[in-house]
Number of protein chains: 2
Amino acid sequence: MRLTTKGRFAVTAMVDLALRGGDGPVTLAGISERQRISLSYLEQLFGKLRRHALVESVRGPGGGYCLAKDMHTVSVADIIRAVDEPIDATQCGGRENCHDDHRCMTHDLWTKLNDKIYEYLASVTLGDLVESQHVKNIAVLQDKREAAQTPAGKSAAYI
Amino acid sequence: MRLTTKGRFAVTAMVDLALRGGDGPVTLAGISERQRISLSYLEQLFGKLRRHALVESVRGPGGGYCLAKDMHTVSVADIIRAVDEPIDATQCGGRENCHDDHRCMTHDLWTKLNDKIYEYLASVTLGDLVESQHVKNIAVLQDKREAAQTPAGKSAAYI
DNA sequence: CTTTACTCGACTAAAACAATCGGGTATTAT
DNA sequence: ATAATACCCGATTGTTTTAGTCGAGTAAAG
Ligand code: FES
Ligand code: FES
């Protein structure tokens, strides 16, 4: 199973990109600073994302990256698949040969686990993440407002 | 995320154990030979399984390991948790601090993925695996019988 | 009192991962 | 032109994790 910080960074970076994709290309330097991810590492990741046609690049000053597709059509699974090797929880990698050229007793278990993981990651789109991010920001703003109104603070939680 | 051959071996070994737990303790040497897992490695794994009360040991000649509970009450998740560190797909490990002491934008995504994985692994018991193993053995026998009846072989699949 | 078989911690080799580096190229602005 | 911006890319490195070994020990059976 391959699910590493590489994939996590890629998703984070893509959310950042989607959040400010509105006005022209977004630079890696910006993402690097906002998300605290090393610039060279981002370059590596975005190379793969571009080769998998998830983003498009614009070179030169004023350049950067844009989403290549609508954010609602890009799933988290797509992103992770682009930067990590394909997700696979089986020992044999689908070859069904890990016990003397025979499928082992647990092959089906891992295959089905793969399906479950993939199913979930494919069900969440970049758009979903962006939306939930907006909701959260609104929630945070409301929290702050409420906190300002009731300086007693936590007591509000016990109504 | 931690889902390694260690966990896979542990599950395989436990299935082996459950399959022949009927008549007394099963030796690691036997499991080692049947499943092609190094004996010393098995010793390491069963140490953990015992400390997590999933198996019981009997020392001395004629000794070995038995299941400590009914095989239908032991889930795959229990086994993997016993030998690997706890499964966790988040970056922060639940501390919600990977972006400046703040929960990052993707924290919820990974948390939910964790839940999905855990939910599935917890839904499959050792008993289920043993049963599906029996079914498969019967299926294999049937396959062989059919193959013997129709030497043309694969053609049977196209009925 | 010897054999079997579990017990335990320390250790090592190999692989995977995270991250960096250095030298590019395309584009724009001056 | 040429300087500055920003993407492009392969090679390399240091670190961590994983897989697996080793050796010395203990309990029980016969
Ligand atoms: S995991 Fe596929 S044969 Fe064992
Ligand atoms: S994964 Fe938990 S805060 Fe980022």
Side-chain angles (χ1 to χ4, degrees), chain A residues 1-13 17 24-33 35-68 80 82-89 91 93 98, chain B residues 1-13 17 24-33 35-68 80 82-89 91 93 98:
Chain A
M1 154 69 85
R2 215 149 298 235
L3 193 54
T4 67
T5 70
K6 211 171 190 164
R8 277 192 283 261
F9 279 169
V11 174
T12 302
L17 181 54
V26 178
T27 69
L28 291 190
I31 299 179
S32 167
E33 199 179 310
Q35 307 299 334
R36 310 295 163 91
I37 306 173
S38 127
L39 177 59
S40 351
Y41 205 25
L42 278 176
E43 287 180 338
Q44 205 182 96
L45 297 180
F46 273 77
K48 296 191 183 191
L49 291 171
R50 186 175 51 81
R51 269 169 247 131
H52 282 77
L54 295 180
V55 297
E56 274 161 7
S57 64
V58 180
R59 300 178 78 150
Y65 285 92
C66 314
L67 290 181
I80 294 183
V83 297
D84 270 329
E85 304 314 309
I87 293 176
D88 185 355
Q91 170 84 322
C98 66
Chain B
M1 153 69 86
R2 215 148 298 236
L3 193 55
T4 66
T5 69
K6 210 170 188 165
R8 279 192 282 261
F9 279 169
V11 174
T12 303
L17 181 54
V26 179
T27 68
L28 291 190
I31 298 179
S32 167
E33 199 178 311
Q35 307 299 334
R36 310 294 165 92
I37 305 173
S38 127
L39 177 58
S40 345
Y41 205 25
L42 278 175
E43 286 178 339
Q44 206 182 95
L45 297 180
F46 273 78
K48 296 192 183 192
L49 291 171
R50 185 174 53 79
R51 268 170 248 131
H52 282 79
L54 295 180
V55 298
E56 276 161 5
S57 63
V58 180
R59 301 177 78 148
Y65 285 92
C66 315
L67 289 181
I80 292 183
V83 297
D84 271 326
E85 304 315 308
I87 293 176
D88 186 355
Q91 170 86 317
C98 64

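Protein chains get the first letters and strands the later ones, always in sequence-line order, with residue 1 at the start of each.
Straight-line distance from the CG atom of A:Asp84 to the C1' atom of C:dA19: 15 Å, rounded to whole Å. If you take NZ of A:Lys6 and C1' of C:dA19, they are 10 Å apart, rounded to a whole angstrom. Straight-line distance from the CG atom of A:Leu3 to the P atom of C:dA16: 17 Å, rounded to whole Å. Computed from coordinates, the A:Glu33 CD to D:dA6 C1' distance equals 15 Å when rounded to whole Å. Atoms CG (A:Leu39) and C1' (D:dT5) sit 12 Å apart, rounded to a whole Å. The OH-P distance, from B:Tyr41 to C:dA13, rounds to 17 Å in whole Å. Distance, B:Leu28 CG to C:dT7 C1': 11 Å, rounded to whole Å. Atom CZ in A:Arg8 sits roughly 12 Å away from atom P in C:dC17 (whole-Å rounding).
Note on A:Thr27: only backbone sugar-phosphate atoms sit closer than 4.0 angstrom, heavy atoms only; bases stay farther off.
One finds a side-chain N or O of B:Tyr65 lying less than 4.0 angstrom from the OP1 or OP2 phosphate oxygen of C:dT7. Taking 4.0 angstrom as the limit, A:Thr4 places a side-chain polar atom (N or O) nearer than this to OP1 or OP2 of C:dA18.
Going from atom CD1 of B:Ile80 over to atom NZ of B:Lys6 covers 12.5 Å, rounded to the nearest 0.5 Å. Note that the OG1 atom of B:Thr4 and the CG atom of B:Asp84 stand 3.5 Å from one another [nearest 0.5 Å].
Among all heavy-atom pairs drawn from A:Pro25 and A:Cys66, the shortest one is CA-SG, 3.8 Å. Contact record, B:Glu33 with B:Arg36: O-NE, 3.3 Å, taken as the closest heavy-atom pair.
For the contact set between residues 42-58 of chain A and DNA chain C, defined by any heavy atom under 4.0 Å, the members are A:Gln44.
At a threshold of 4.5 Å between non-hydrogen side-chain atoms, the residues A:Ser57 and A:Tyr65 count as touching. With contacts defined as side-chain heavy-atom distances shorter than 4.5 Å, the pair A:Thr5/A:Arg8 qualifies.
Comparing A:Ser38 and B:Ala29 along DNA chain C, the residue whose closest nucleotide (by nearest heavy atom) sits nearer the 5' end is B:Ala29.
Stem list for DNA chain D (at least 3 consecutive Watson-Crick or G-U pairs, distances under 3.5 Å): C:1-30 with D:1-30.
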For nucleotides 26-30 of chain D, which of its nitrogen or oxygen atoms have a protein nitrogen or oxygen under 3.5 Å away, and what is each distance?
residue: D:dT26; atom: O2; partner: B:Arg59; partner atom: NH2; Å: 2.4
residue: D:dA27; atom: O4'; partner: B:Arg59; partner atom: NE; Å: 3.2

Show me the side-chain donor-acceptor pairs of residues 37-52 of chain B shorter than 3.5 Å, one per line, residues at least two apart or across chains.
residue: B:Ser38; atom: OG; partner: B:Ser40; partner atom: N; Å: 3.4
residue: B:Ser38; atom: OG; partner: B:Tyr41; partner atom: N; Å: 3.1
residue: B:Lys48; atom: NZ; partner: B:Val83; partner atom: O; Å: 3.3
residue: B:His52; atom: ND1; partner: B:Lys48; partner atom: O; Å: 3.1

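Partners of B:Thr27 by side-chain contact (heavy atoms from CB on, under 4.5 Å), not counting sequence neighbours, listed by chain and number: B:Ala29.
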